[in-house]
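One structure below.
None of the values given here were measured: they were computed from a predicted structure. Every chain is numbered from 1 and lettered A, B, ... according to where its sequence line falls, protein lines coming before strand lines.
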Protein chains: 2
Amino acid sequence: MLQLIENRLKGLSPAESLVARWILAHPRDAANSTLAAVAAACEVSEPTVIRFCRHLGLGGFRDLTLRLTESLSQPSSFVHRDVNRDDTIQDAAAKVMDSAIQTLVSQRSLLRNVDIGKAANVLARARQIVFAGIGGSGHVSDDAQHKFFRLGIPCSALSDPPSIQQFAAIAERGDVLVLTSNSGQWPELSAAASMSRQRGASVIALTDPTSDLAAAADIPIPCGSEDETSLYTPRNSRLSQLAVLDVLQVATALELGDAAANRLRRTKMALSGDLTA
Amino acid sequence: MLQLIENRLKGLSPAESLVARWILAHPRDAANSTLAAVAAACEVSEPTVIRFCRHLGLGGFRDLTLRLTESLSQPSSFVHRDVNRDDTIQDAAAKVMDSAIQTLVSQRSLLRNVDIGKAANVLARARQIVFAGIGGSGHVSDDAQHKFFRLGIPCSALSDPPSIQQFAAIAERGDVLVLTSNSGQWPELSAAASMSRQRGASVIALTDPTSDLAAAADIPIPCGSEDETSLYTPRNSRLSQLAVLDVLQVATALELGDAAANRLRRTKMALSGDLTA
DNA sequence: CTGAAGCATGTAGCAAAACTACAAGAAAAT
DNA sequence: ATTTTCTTGTAGTTTTGCTACATGCTTCAG
């Protein structure tokens, strides 16, 4: 959470960044204060504080205090520190692993406020699922397709804008489009989301909750909106995306019940050769 | 916190113990609800809920929600428990995330005994790097190729046995073959590793350290050897593989020094449009 | 240089939420 | 049976978070 605030710092207006800096300096106080107290301490008005919360993708001030206490209580053993050129190889390795772990830990708490059941419900009834993403997110989509087809649902994965737009043009009611994007700022993806919805398909978006894409989707799922600033930091958000898609797959399997369980069992057996016997 | 409530249970009046039991049964709901909602759910009056809070030594209802989110986010050390069909969607989601985190935590300690520097050294001097894997590991290879090319090293990714064997047949000194396999038991991969080495190429294998493939490689890197037994457990080892490849990429970048740093910087700028200006 | 448009910020008011005071009823003690 | 005490709910008060609107600043076209 604090990490998230720090990353967003430069994108905020003067008054709001005042709030951000005060919270970063007194996180413990902020978590236990009232809206009025925080506004007074920052010497800004109350609505400014609320607007600050909204810019972070939170529901309001109440949400902020909850998230703050949450992140303050988390173990700090895997806090992320950037790799720099003077690190030894072993230090760098530990840092990269730590940041990966930290990413998943934050994603875990992000998911607490998401209605996974709603997404699972839609996915379970899908006529077909199309996973789509550009660049690195394309590989995430491939992975998802490779995982969901085992539930017996027709699946495909698209990773270039022309294909994605073509699909949007022929999407039908019952189709589910799952879009993955780190920033959520590619206009092509938002356009595909809008057109698909217009044609009656459902759109799930794994992306920054404040992005255009999230706004264009039926079911936005906040995902890995963290930093990615440092030169040597890998794109950890894809790990979040993969893990969230795992969550969705498991949730969908539970929703589908025995039928899905049997298919999963048979796919496992296929690999160990038990089916041929 | 939940423990504390349980201890105090018998010392409470009837109406208050109603509240206590409801909170113990629905801690997550309680943390996100309002006083009125909790009172309604327990079928008691609002002051009763407040009195309950005071009996616990808390300041009020506000305090209760804070403390609850706090203790709920204290990850139960992310120990892995299998998802089963009776889990609620939210429970299943937490379990999936926990198992993903646990996988990375163990991978982190596995890496402590691996000479990353040796692998980075080989990679940094490579004429070309070929990433190869079958099935799910194929996507991991794609991701790696998509990441390493930014260092300026010629890279490709192969994900089917025929292609992999063809590459092994023409591998040369200076080429590096990075094989990824969960079990390390596909004979095709071990054969490709042996032939590549025989022809003077280096072979790095991300796999089970006791496997045939690990034995056939120059530099084996233990990776995600955990079992993936349960029906609903995702293949977490691929998260380990991705993270380890991140580590290798960062290590290689550090080994290459300024040249790689500049290339990384330019690839970042390309995305934000700064190069065209 | 002027005026319009858009953005940032604050003021005032509102609805809800949390909390308090008090009273009614039940159980226990005299 | 009467008083006392303890438990619980009702009604009211204060606080809190939030929204609608207005003001002022910046930016940019003409």
Tell me: [atom1] of [X] to [atom2] of [N], nearest whole Å?
{"X": "B:L12", "N": "D:dC6", "atom1": "CG", "atom2": "P", "answer": "16 Å"}
{"X": "A:F61", "N": "D:dT16", "atom1": "CZ", "atom2": "C1'", "answer": "10 Å"}
{"X": "B:R51", "N": "C:dA21", "atom1": "CZ", "atom2": "C1'", "answer": "11 Å"}
{"X": "B:L64", "N": "C:dA17", "atom1": "CG", "atom2": "P", "answer": "16 Å"}
{"X": "A:F52", "N": "D:dC18", "atom1": "CZ", "atom2": "P", "answer": "14 Å"}
{"X": "A:E16", "N": "C:dG10", "atom1": "CD", "atom2": "C1'", "answer": "13 Å"}

Can you identify which nucleotide, out of [options], has its nearest atom closest to the [X] side chain?
{"X": "A:S45", "options": "C:dG10, D:dG17, D:dG9", "result": "C:dG10"}
{"X": "B:L35", "options": "C:dC19, D:dT8, D:dC18", "result": "C:dC19"}
{"X": "B:P47", "options": "C:dA21, D:dT8, D:dG17", "result": "C:dA21"}
{"X": "A:S13", "options": "D:dA20, D:dG17, C:dA8", "result": "C:dA8"}
{"X": "A:P14", "options": "C:dT9, D:dC18, C:dC19", "result": "C:dT9"}

Under 4.0 Å from OP1 or OP2 of D:dT15: is there any side-chain N or O of A:T34 that close?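 For A:T34, the contact criterion (side-chain N or O under 4.0 Å from OP1 or OP2 of D:dT15) is not met.
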
Phosphate OP1/OP2 of D:dG17 contacted by A:R54 side-chain N/O (<4.0 Å):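 Answer no for this pair, as no side-chain N or O of A:R54 is under 4.0 Å from OP1 or OP2.
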
Is B:R62 touching bases, backbone alone, or none of the nucleic acid, heavy atoms closer than 4.0 Å?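 It contacts sugar-phosphate atoms only.
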
Once you round to the nearest 0.5 Å, how far does OG1 of A:T180 lie from CZ of A:R238?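 Spacing of OG1 (A:T180) from CZ (A:R238) equals 13.5 Å.
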
Nearest non-hydrogen partners of A:E255 and A:A120, listed with the distance: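 Closest approach of A:E255 to A:A120: CG-O, 4.2 Å.
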
Identify the two heavy atoms, one from A:V96 and one from B:A243, that lie closest to each other, and give their separation to 0.1 Å.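 Answer, listing the atom of A:V96 first, then B:A243: CG1-O, 4.4 Å.
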
Taking for each residue the nucleotide of DNA chain D with the nearest heavy atom, is it A:I50 or B:E46 whose nucleotide lies nearer the 5' end?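 The residue mapped nearer the 5' terminus is B:E46.
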
Hey, what's the ring geometry for B:H146 with A:H139, parallel, tilted or perpendicular (30° and 60° as the breaks)?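 Plane angle over 60°, so perpendicular.
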
Are the side chain of A:R51 and the backbone N or O of A:E16 linked by a donor-acceptor pair below 3.5 Å?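 Checking the backbone N and O of A:E16 against the side chain of A:R51, no donor-acceptor pair under 3.5 Å is found.
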
